[in-house]
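Note that the structure is predicted; figures quoted are calculated from it, not measured. For ligands, and for the atoms within them, numbers begin at 1 and follow the listed sequence.
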Amino acid sequence: MNPSLEALFSQLRRYSESTYYPYHMPGHKRRAFGALPHELAALDITEIDGFDNLHQPEELFAALQRDAARLYGAEESFYLINGSTGGILSAVSAALPEGGRLLMARNCHRAAYHAAYLRRLKISYLYPPILERYDLCDAVTPKQVRGALEREPEIGAVLVVSPTYEGRIADIRAIAEIVHKKGIPLIVDEAHGAHLGLARGFAENSCQAGADLVIHSVHKTLPAMTQTALLHVNGTLVDRDRLRRFLRIYQSSSPSYVLMASIENAVRVINTEKEELFARFESRYREMMRGLRGCRRLSFLPPEPKQDIGKLVICAIGSGLTGRQVYDILRQEYRLQPEMASWAYCLAMFTVGDSQEAYDRMTDALLALDRRLLAGEWEPQAPEKGAVDRKTACGEGAALVTRFFQDEGQEAIPLADAWDSETEQVPLRDAPGRFAGEFVNLYPPGIPLLVPGERITRTQCTQIAEYIAQGLNVQGIVEPSERRPELSLRVIKQDSDVTHIAETRWR
Ligand SMILES: Cc1ncc(COP(=O)(O)O)c(C=O)c1O
């Protein structure tokens, strides 16, 4: 970090107080307008003299991106103002030729699927192991990657997500070694791990572990504005000019200086205060986990090296409540807004941006909720709330959610062919055996439950109906209406060319 370089926010503030009049974009002319506050507009400039250009960095952004690279141990880093989404699109597009084969974890974010669609890639999937006790996806393993690469010599790049949305960390060092033996690049969607590798006691980040392209959402786990992210590059397996080309394609030609200043600010503050910030972060987390040992009904993914301490996974299985109910109670009764919920767990995020109060309030609320559970406030559940809820929440049933994923291997119909095919809407009960024509996502986290081209199973349809009954946000399902009184979804029209080819292959 160049200490003589004035913080970008300070430069923007100084400029806003100068006497320069803006005969240029943006149209608010740095003034309050309607409900647009002056404080926001004042700092919002475009590429004017003295402020460099992200897409053609000379002094300012070249220096800032170098600082980011140094912090993470990357050879080169790029600021992203379209989130990790833009980084994943660019990384996947640059790593493979059009039509190439990508090996990717099935629990990747939808941006990875969008890249595969746009570049007409063929996909082979790695199905993450399931942590049955908590009913969530673990990170993929080196053994899985090795197996897939041995089976499928055509694979040209590998994409894995680590940490997962729930904080499961993969052995990237071992995976990188395996992937590099084949001479192909490893891309790591480390959107949830921008805080890794920055201080003692934390897992190394994927740049340090040897990945070629690493994507960080700065906004997710560091104190930065929404949409801010970084893409890091190492080695020579991905052509950097090609990467720059895709970054220009997928990102705005008018990147926000407020967002870029926010990345710079996060990198600067972390750089100068990391030891202290992360030591406090870790000790608060450990103290919270010690306090939560008092819970008898609720349980938590235990602190261990494979679990990121920024994620508190509150497991509801066997508690008498579903994860969604825990989420609602925390929100409505304790005024705590979690990140997401599934039927099995509720997820809360912590970062260096939290004060001690965040840990205390969560600990107190969970201990109080646990006492209420022990006192029988929610037991037994009313049958009409859903057979699956009742069975699992009372601890009788085996975990079932992530049974969504199908057999290891290649997609049934390539995504690009499937998504461009003619589709029709059918009731959910008629969908088993048909090929999905649209993505179905549980949001958050935006990991597809169904990908266009996948053959739909009966279990998947039952689960989708259950998710909806539990009030989870399922995208890609058409809600009942007067004209169509049932839940329905889009499938590829029968007897189209693509389904014919797939049927022949499956027989
Ligand atoms: C694993 C993962 N990758 C990528 C993304 C996309 O990140 P962004 O919101 O920064 O575009 C998300 C978003 O939730 C995610 O969970």
Side-chain angles (χ1 to χ4, degrees), residues 68 77-93 95 102 104-118 125-126 128 136-140 158-170 172 175 186-196 203 205-206 211 213-232 246-247 249-252 255-256 258-260 262-263 266-267 307-308 310-311 313 337-342 345 347-349 351 402 405 439 441-449 451 472-473 475:
S77 297
F78 296 94
Y79 271 30
L80 305 173
I81 42 70
N82 187 20
S84 284
T85 297
I88 294 168
L89 287 169
S90 306
V92 172
S93 301
L102 174 68
M104 74 180 217
R106 179 61 179 74
N107 59 336
C108 276
H109 185 260
R110 60 186 173 191
Y113 295 86
H114 293 169
Y117 168 73
L118 289 170
Y125 289 120
L126 293 166
L136 54 80
C137 290
D138 205 347
V140 294
V158 178
L159 168 64
V160 298
V161 54
S162 172
T164 63
Y165 197 71
E166 292 83 4
R168 304 300 296 167
I169 299 173
I172 296 298
I175 293 176
L186 171 65
I187 308 166
V188 182
D189 171 357
E190 204 163 68
H192 288 271
H195 58 301
L196 294 185
N205 67 53
S206 294
L213 298 174
V214 180
I215 301 110
H216 281 147
S217 283
V218 186
H219 72 96
K220 289 194 199 302
T221 63
L222 292 181
M225 306 273 280
T226 300
Q227 283 189 220
T228 56
L230 287 165
L231 168 61
H232 310 285
F246 283 109
L247 285 168
I249 291 173
Y250 294 129
Q251 297 214 96
S252 169
S256 157
V258 174
L259 296 186
M260 295 188 288
S262 163
I263 301 177
V267 169
Q307 179 61 29
D308 171 27
K311 298 284 161 62
V313 181
Q337 173 65 67
E339 164 69 18
M340 65 85 75
S342 75
Y345 58 88
L347 178 70
M349 285 180 67
T351 73
T402 18
F405 300 148
F439 282 96
N441 298 311
L442 200 54
Y443 195 85
I447 297 167
L449 298 173
V451 178
L472 302 180
N473 180 12
Q475 300 173 334

Look up atom CD1 in Ile187 and atom CG in Leu231, then write down how far apart they are to the nearest 0.5 Å.
9.5 Å

When you look at Ser262 and Thr228, which way does the side-chain contact (heavy atoms from CB on, under 4.5 Å) test go after all the steps?
CA-CA 7 Å; Ser262 163; Thr228 56; 4.0 Å; yes

Would you confirm whether Ser84, through its side chain, and Gly87, through its main-chain N or O, come within 3.5 Å as a donor-acceptor pair?
no

Any side-chain to backbone donor/acceptor pair from Arg168 onto Asp308? Under 3.5 Å, distance only.
no

Write down the atom of Asp138, the atom of Asn107, and the distance for their closest heavy-atom approach.
O-ND2, 4.1 Å

For ligand 1, what is the set of protein residues having any non-hydrogen atom at a distance below 4.0 Å?
Gly83, Ser84, Thr85, Ile88, His109, Val161, Tyr165, Asp189, Ala191, His192, Ser217, His219, Lys220

For the residue pair Tyr113 and Tyr125, does the interplanar ring angle fall in the parallel (under 30°), tilted (30 to 60°) or perpendicular (over 60°) class?
tilted

